[in-house]
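Step one of this worksheet: look at the structure below.
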Amino acid sequence: MILKGSQRSGAKALADHLLNDRDNDHVSCLELRDFSSDQLHGALKEMHAISKATQCKQFMFSLSLNPPQDYIATEQDFLEAADRAEQQLGLSDQPRAIVVHEKEGRRHAHVVWSRIDVDEMKAINLPHFKNKLRDLSRDLFLDHGWVLPDGLATYGNKSPLNFTLEEWQQAKRQGLDPREVKQTFQQAWERCDSQIGFKNALEDRGYFLARGDRRGFVALDVDGNVHSIAKWTGLKTKDVNAKLGSPEKLPSVDETQSELRSKVSDQMRGYIGQIKDRQNNDLDPLRDNLRDMNTAHRDERQKLKTGQKARWAEETKVRSDRLNKGLRGLFDRLTGKGKSIRQQNEMDARKAAKRDQDQRDFMVVEQIKERRTLQREFQKLRRKHIKERNLMAQKIRQTLKTKHSHSPHRERSRTRGPDLSL
């Protein structure tokens, strides 16, 4: 599993994020350990309340557990990974919460620990936690027999899937898959060996190189949104500067935005808007299918949960009835029979809990298989949309170069508008 962790504060914001069922097909709270509350918001509030007795601001440690894309992790997989992580980090026996997310046919989990040691009333120090998580992640891949990704095999070659929350949100606001945006920048970077080459490679995909406010390199899309080159290529600023040199000769962000506004006419923006609207409408039937599927899957899970709860109550009563009360109970304790019965009850309870967990895992696996079939339809349509956007970006670039030419065709283009038909 890929493990990513951070120290943080903000109990309510984190709980809201973890229970977000708008961006996830399914959300379930797998474990709340050592809390008086049986709700995630209440549990994280307890962490915050305890931290008030200390000077610690980042009183939580949050960890994401991401299995390989083609592997469906079970509840036990997540629990074992969380146990190994807390041992490595020095967070054993600390209060923790585990939340499982499912989206687009994939399943991952988030673990949140309290960093506050209540015996000493101070925060637990977590030195070198990134290195420890990296090593544990590598061990998990090897233990499960998964193929090591380049990032773990060589501690380099960052995957374009490893985007940050900020990058995800920025791309999401523009209606683009952040993986597409990041790969666009990384592919342009790989294709060039100079500033001018990188500039041309970006323009082929509808991005325009500029000088940032802090004299760094940025790129703007046709809507004027700013993208940091270092961030979206996954490189360090010094590596970007080493290849591209100085940005001083590039136009500033304001100048580039002004140029784009003057060159990209309202009519061209209309064409772009039409394409975006059509592509969005193309997804509506699949979204309807997804909504119906999620509703059906949630109903199935609720029925299983209700049935397991009722069965657990019946089995608990049967186990309880095995223990005699009154004088017979006293006699059983004296002879040791009561101890034997309690041990048998504990064994039966563990088997029942394992049976229920296996049933939940089986249902989740079958539902994810169904979800992945639908996801392949999403991916097929999105690949088509990517090709359309690439073609649109090329036509925009051609239009920007010829918009202010003095050829006779210029007057006709003002009347007819650029040919952006796809």
Side-chain angles (χ1 to χ4, degrees), residues 150-151 154-164 166-265 268-269 272 386-407 418 420:
D150 289 342
T154 63
Y155 300 141
N157 300 327
K158 284 187 65 178
S159 166
L161 297 179
N162 294 337
F163 44 83
T164 66
E166 182 182 358
E167 292 165 350
W168 169 270
Q169 291 172 335
Q170 182 179 5
K172 195 173 180 181
R173 285 194 295 269
Q174 299 170 48
L176 299 178
D177 188 321
R179 292 168 291 191
E180 176 189 347
V181 177
K182 195 153 196 173
Q183 287 182 350
T184 293
F185 279 80
Q186 292 184 337
Q187 289 169 0
W189 180 265
E190 292 170 359
R191 285 170 50 189
C192 76
D193 57 6
S194 65
Q195 183 180 130
I196 187 64
F198 186 55
K199 179 176 180 292
N200 291 334
L202 283 178
E203 288 183 4
D204 282 339
R205 301 296 296 273
Y207 294 90
F208 303 88
L209 197 61
R211 183 182 72 252
D213 294 338
R214 298 181 180 179
R215 298 184 179 179
F217 289 93
V218 298
L220 282 73
D221 58 27
V222 292
D223 292 322
N225 298 305
V226 180
H227 302 71
S228 166
I229 298 300
K231 180 185 297 182
W232 284 94
T233 56
L235 299 169
K236 295 181 179 179
T237 301
K238 66 177 182 179
D239 295 328
V240 173
N241 295 337
K243 188 172 187 176
L244 302 185
S246 172
E248 291 302 322
K249 293 183 179 180
L250 290 172
S252 67
V253 170
D254 290 340
E255 291 169 342
T256 305
Q257 288 175 333
S258 177
E259 182 180 7
L260 286 171
R261 283 194 295 268
S262 66
K263 288 185 176 181
V264 182
S265 66
M268 184 184 293
R269 292 184 187 278
I272 296 172
I386 289 172
K387 292 180 180 179
E388 291 177 348
R389 286 197 288 268
N390 289 343
L391 180 58
M392 179 177 66
Q394 293 173 6
K395 292 186 176 183
I396 289 173
R397 186 188 181 200
Q398 294 170 1
T399 301
L400 291 175
K401 287 185 174 180
T402 61
K403 184 75 175 174
H404 291 282
S405 66
H406 296 286
S407 66
L420 290 177

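Computed from a predicted model, the values in this text were never measured in an experiment.
Shortest non-hydrogen contact noted between G212 and V253 is CA-CG2, 4.1 Å. Looking at every heavy atom in both residues, R205 comes nearest to Q187 through NH1-OE1, 3.6 Å. Taking each heavy atom of S194 and L244 in turn, the nearest pair found is O-CD2, 3.9 Å. Across all their heavy atoms, C192 and G197 have their closest contact at CB-C, 3.5 Å. Here the closest heavy-atom approach between residue F208 and residue E203 is recorded as CD2-CG, 3.6 Å. A pairwise comparison of heavy atoms in G224 and Q257 identifies O-NE2, 3.0 Å as the closest pair.
Each of L220, V218, D221 was scored for a side chain to side chain contact (heavy atoms under 4.5 Å, CB included) with Y207, with one residue passing: D221.
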Open item on the list: Set out, in order, the CA-CA distance, both residues' side-chain angles and the distance that settles side chain to side chain contact (heavy atoms under 4.5 Å, CB included) for L202 and F185, then state yes or no.
Closed with: CA-CA 7 Å; L202 283 178; F185 279 80; 4.0 Å; yes
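Here E255 contributes atom CD and L260 contributes atom CG; the two are 12.0 Å apart, rounded to the nearest 0.5 Å. Atom CG of L250 and atom NZ of K199 lie 7.5 Å apart (nearest 0.5 Å). To the nearest 0.5 angstrom, D239 atom CG is 7.5 Å from W189 atom CH2. Here the CZ atom belonging to F198 is positioned 4.0 Å from the CD1 atom belonging to I229, to the nearest 0.5 angstrom. Atom NE2 of H227 and atom NZ of K182 lie 12.0 Å apart (nearest 0.5 Å). Atom OG1 of T237 sits about 10.5 Å away from atom NZ of K231, to the nearest 0.5 Å.
With Q195 contributing its side chain and S246 its backbone, the two residues share a donor-acceptor pair below 3.5 Å.
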